[in-house]
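Note on naming: letters A, B, ... go to the chains in the order of the sequence lines (proteins, then strands), and numbering restarts at 1 for each one.
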Protein chains: 2
Amino acid sequence: MPLKETFKALSDPARREILEMLKDGPMRAGDIAARFSMRQATVSYHLSQLKGAELIRERREKNYIYYELNTSVFEELLLWASAFTADQGEYALEEKKGELHHET
Amino acid sequence: MPLKETFKALSDPARREILEMLKDGPMRAGDIAARFSMRQATVSYHLSQLKGAELIRERREKNYIYYELNTSVFEELLLWASAFTADQGEYALEEKKGELHHET
DNA sequence: TCTATATTTAGATAAATTTCTAAATGGCGG
DNA sequence: CCGCCATTTAGAAATTTATCTAAATATAGA
């Protein structure tokens, strides 16, 4: 929940690439690993980091695990970043400010 | 310019705290260090990381150096994050998409 | 129940990062 | 030109992180 974990998770290029892949829809760990030159165990590690940051969710189906984006944390990030821009009005800021805490 | 550096820079809590401080206006390295329990040399290191990511700029005046926010990179970040949210329409996305490259 | 498959966990290593102390730099004012 | 002040740079130590191999777990289906 705190943004601290979010930034930590986003700091790794491989993890951001995984997120980009998931834009096209849910994927299994094996499918993700197949597109990288890293071991499946390593991909599993990155997935656990992303899951810990709640940037992704897992959905179990048969004996597979599908990973998918969790958009809500991206909205928190959006809110955080918008507080640093000059033109804060462009993003719907005020409505959401109250709902979320604003930790670093 | 690539977002890679941005995420790297934002991954450290101390650096994010520095950014928060700079919301209130430009500060000198010494003033920033005075608010932390870390050495000035360490703060200097963090400032150089933030500067490398173009999240801050320095302005020299007399024999001081003032650090201040550079909002443009935050807008890139905003753009990146908005591509992961369901409701992309809320942020003025289309106008800016062409101007920026969209690397990871 | 047994086996095959998908995935994670454990443990180890290598690389990167943060932090410190001490020394160097650079510019103003006298 | 000199010494002072703010700040950075260098180098080293400690911590964290990413990655690998090998082993463990879980589960579907025969």
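Between A:S11 and B:T42, the residue anchored closer to the 5' end of DNA chain D is B:T42, taking for each the nucleotide with the nearest heavy atom. Comparing B:G30 and A:Q40, the nucleotide of DNA chain D nearest to each residue sits closer to the 5' end for B:G30. Between B:A41 and B:Y45, the residue anchored nearer the 5' end of DNA chain C, judged by the nucleotide with its closest heavy atom, is B:Y45.
Nucleic acid contact class of A:A14 (heavy atoms, under 4.0 Å, all strands): none. Within the 4.0 angstrom heavy-atom criterion, only backbone atoms of the sugar-phosphate kind lie near B:K8; the bases stay farther away.
In this structure, B:H46 reaches the C:dT19 phosphate: one of its side-chain N or O atoms is under 4.0 Å from OP1 or OP2. Considering only side-chain N and O atoms, A:Y64 lies nowhere under 4.0 angstrom from the phosphate OP1 or OP2 of C:dA6.
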| request: Given side chain to side chain contact (heavy atoms under 4.5 Å, CB included), test B:L10 with A:L10 step by step and report yes or no. | output: CA-CA 9 Å; B:L10 290 175; A:L10 290 175; over 6 Å; no
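Remark: the backbone N or O of B:E54 is paired with a side-chain donor or acceptor of B:N70 at under 3.5 angstrom.
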Between the protein and nucleotides 25-30 of chain C, which nitrogen or oxygen pairs are less than 3.5 angstrom apart?
{"from": "C:dC28", "atom 1": "OP1", "to": "B:K62", "atom 2": "O", "distance (Å)": "3.2"}

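Taking all atoms of both residues into account, the shortest heavy-atom contact from B:L77 to A:A81 is CD2-CB, 3.9 Å.
A ring-ring contact (aromatic ring centres under 6.0 Å, His included) check over residues 49-77 of chain A, counting only residues at least two apart or in different chains, returns the pairs A:F74-B:F84.
A salt bridge is absent between A:E17 and A:R15; no separation between the charged side-chain nitrogens and carboxylate oxygens falls under 4.0 Å. A salt bridge links B:K23 with B:E20: the closest approach of a Lys/Arg side-chain nitrogen to an acidic carboxylate oxygen falls below 4.0 angstrom.
Atom-to-atom distance recorded for A:L78:CG and A:S72:OG is 12.0 Å, nearest 0.5 angstrom. Separation of atoms CG (B:L47) and CD1 (B:I65) is listed at 9.5 Å; rounding is to 0.5 Å. To the nearest 0.5 Å, atoms CD (A:E68) and CZ (A:R59) are separated by 5.0 Å.
Straight-line distance from the CD1 atom of A:I65 to the P atom of C:dT5: 17 Å, rounded to whole Å. B:K4 places its NZ atom 12 Å from the C1' atom of C:dA16, with the value rounded to the nearest Å. Here the P atom of nucleotide C:dT18 and the CG atom of B:L50 are 10 Å apart, to the nearest Å.
In 5' to 3' order, the nucleotides of DNA chain D bounding all contacts with chain A (an atom under 4.0 Å from a heavy atom) are D:dT17 to D:dG29.
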